[in-house]
Amino acid sequence: MKGKAIEILNDNWRGGFTIPCQGLYPFQWSWDSGFIAIGLAHFNMGRAKKEISTLFDAQWENGFLPHIVFHTESETYFPGPEYHRADLHPKSSKRSISTGMTQPPVTGFVLRELYRIAKDKEDILLFIEKVVDRVYANHAYFYEHRDPNNEGLVYIYHNWESGTDNSPLWDDIFASMGSPALSFQRKDTDQVDLSERPSKREYDHYLHIIEIAKRYNYDDKKIAEFSPFLVQDPLFNAMLIKSNQSLLDLYSMIGHNQEKIDQLIAWQEKSIKTFNEKLFDEELGAYVHYDLRNERPLKYVSSSSFSPLFAGIPGQKMADKMVRTLLDRFGGEDHYLCASFDRTNERFNPKQYWRGPVWINLNWMLYSGLKDYGFKDIAERVKNDSIEMIEKAGFYEYFDPRKEIYGKGTKGYGGNNFSWTAALIIDLLNKD
Ligand code: GLC
């Protein structure tokens with residue numbers, strides 16, 4: 001299994017960065033790169049470092065890190081750079097072509113993982129010293145520009161920023177947006193069956209939000225004021241908090257940098273406090289998203305709801321509750337953990353992208369989080385389920401949680417030979 005995973009990562013390497021998979025995603029995606037670097041670190045640390053430095057080469061002058069870096073041209077992806085027009089923003093990178101939106105901030109904890117995995121600790125620390133301020137600048141960007149109410153929680157202005165593109169979570173927001181029906185030529189459905197991808201109507205909404213952001217040249221203040229989509233996402237904020245903690249660890253190892261350490265502690269305290277007060281839903285026993293535009297919680301449980309375990313955010317009692325919710329709404333012996341959306345909800349769809357299928361990056365986080373809180377058995381189940389799905393259905397982008405559908409010739413969904421599936425399984429196989 002590990003051999004095949006390495007082969008996939010080798011095939012998807014483009015001399016400087018790794019594409020998520022061929023055809024469907026032909027560029028560098030930011031949080032993909034982070035997960036990929038963790039896998040690479042196990043067999044080629046030089047490439048893991050390069051993956052991260054290439055990503056940071058595309059960082060904007062204001063610390064912003066774009067979600068896609070368009071290193072090359074491609075005929076197989078829409079919307080491309082000419083649609084996104086990130087250059088409208090005065091601080092966008094003059095060297096790289098990118099989108100004007102971001103993705104969950106994973107780079108802090110990824111550096112910490114590289115340190116954990118590295119055999120030569122001195123060498124990796126030298127690398128980390130070179131790039132760690134880039135991560136800090138990225139976090140400073142978030143707290144300065146994405147937290148209009150100064151709460152310690154940052155917003156995302158597009159569902160693509162969440163990483164969980166077409167989650168049913170967004171349905172209510174989209175319904176309130178009144179997006180026009182647009183005409184465009186998508187490319188994803190040339191490669192993957194529409195039943196596994198977002199609908200045309202959903203794409204209308206995705207593009208409509210970008211149109212509005214472009215109207216304001218991607219100005220954060222204007223976006224906070226006018227974007228119809230403005231959400232405080234527990235997954236996104238948990239990644240930031242986990243990465244803050246990693247920065248604290250790394251700066252302590254490096255020494256000096258007291259001012260940054262003080263600032264990180266202040267961010268951290270405020271963020272965790274508001275996170276627990278505002279996003280934990282007692283009734284559901286899980287964290288939920290908050291729709292900042294319409295000032296209402298989005299009362300649904302998704303795999304994102306459990307990511308705070310990975311960042312050490314809940315107290316033990318809350319964690320106990322969350323695990324009950326996990327088992328009630330996602331568990332059951334006849335299902336693999338962990339579906340991306342509440343199986344008991346009518347919007348659940350086991351085949352369609354983020355509306356139900358299992359994703360390995362969320363499982364990877366869930367495994368660590370559960371272990372940290374003492375739920376060793378369930379953590380093991382998440383790990384074994386991940387391995388089993390890949391063994392039975394291939395190194396796909398996402399997987400059907402229903403065990404009954406697996407048989408001879410069953411395949412996963414979305415793109416095949418998917419990089420983070422390969423990378424994170426290498427890491428999981430190395431963990432006990
Ligand atoms: C899809 C996923 C997103 C990922 C991207 C590239 O858009 O939803 O999370 O980063 O593909 O793999």
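Whatever order the structure lists ligands and atoms in, that order sets their numbers, starting from 1. The first residue of the sequence shown is numbered 1, and numbering continues consecutively from there. Note that the structure is predicted; figures quoted are calculated from it, not measured.
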Which residue and non-hydrogen atom of the protein lie closest to atom 3 (C) of ligand 1, and at what distance in Å?
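Nearest protein contact, heavy atoms only, for atom 3 (C) of ligand 1 is Gly163 O, 3.6 Å.
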Distance to 0.1 Å, residue and atom name: give those for the protein heavy atom nearest to atom 10 (O) of ligand 1.
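The closest heavy atom on the protein side is Asp32 OD1, 2.6 Å.
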I'd like to know if the side chain of Tyr353 pairs up with that of Asp165 as donor and acceptor (distance under 3.5 Å, no hydrogens or angles considered).
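Checked: Tyr353/Asp165 side chains pair up, N/O donor to acceptor below 3.5 Å.
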Where's the contact between Gln103 and ligand 1, heavy-atom distance under 4.0 Å: side chain, backbone, both or neither?
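The answer is the side chain of Gln103.
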Please work out whether any backbone atom (N, CA, C, O) or any side-chain heavy atom from C-beta onward of Trp354 is under 4.0 Å from ligand 1, and answer side chain, backbone, both or neither.
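Side chain only.
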If I compare all heavy atoms of Ser162 with all of Leu235, which pair ends up nearest, and what's the gap?
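Nearest pair, atom of Ser162 first, then Leu235: O-CD2, 3.8 Å.
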Where Arg186 and Lys200 come nearest, the two heavy atoms and their spacing
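Smallest interatomic distance, heavy atoms only, reads NH1-N, 3.5 Å.
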For Asp165 and ligand 1, does the shortest N/O to N/O distance drop below 3.5 Å?
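Yes: some nitrogen or oxygen of Asp165 is under 3.5 Å from one in ligand 1.
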Which of the numbered atoms in ligand 1 are below 4.0 angstrom from a heavy atom of Phe418?
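In order of numbering, the contacting atoms are 12 (O).
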So if I count the atoms of ligand 1 from 1 in the order they appear, which ones are less than 4.0 Å from some heavy atom of Trp31?
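Near Trp31, the atoms of ligand 1 are 3 (C), 4 (C), 9 (O), 10 (O).
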Looking at Phe17, is Lys50 sitting on its ring face, NZ or CZ under 6.0 Å from the six-membered ring centre and within 45 degrees of the normal?
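Not satisfied by the 6.0 Å and 45° rule.
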With ring centroids as reference points, do Phe64 and Tyr141 lie under 6.0 angstrom apart?
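Between Tyr141 and Phe64, which both carry aromatic rings, the centre distance is below 6.0 Å.
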Sort out for me which residue in Tyr396, Trp364, Trp31 forms a ring pair (Phe, Tyr, Trp, His ring centres under 6.0 Å) with Trp420.
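Of all the options given, the one that passes is Trp31.
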Option whose closest heavy atom lies nearest to atom 1 (C) of ligand 1, chosen from Trp29, Trp359, Tyr353:
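Nearest option to atom 1 (C) of ligand 1, by heavy atoms: Tyr353.
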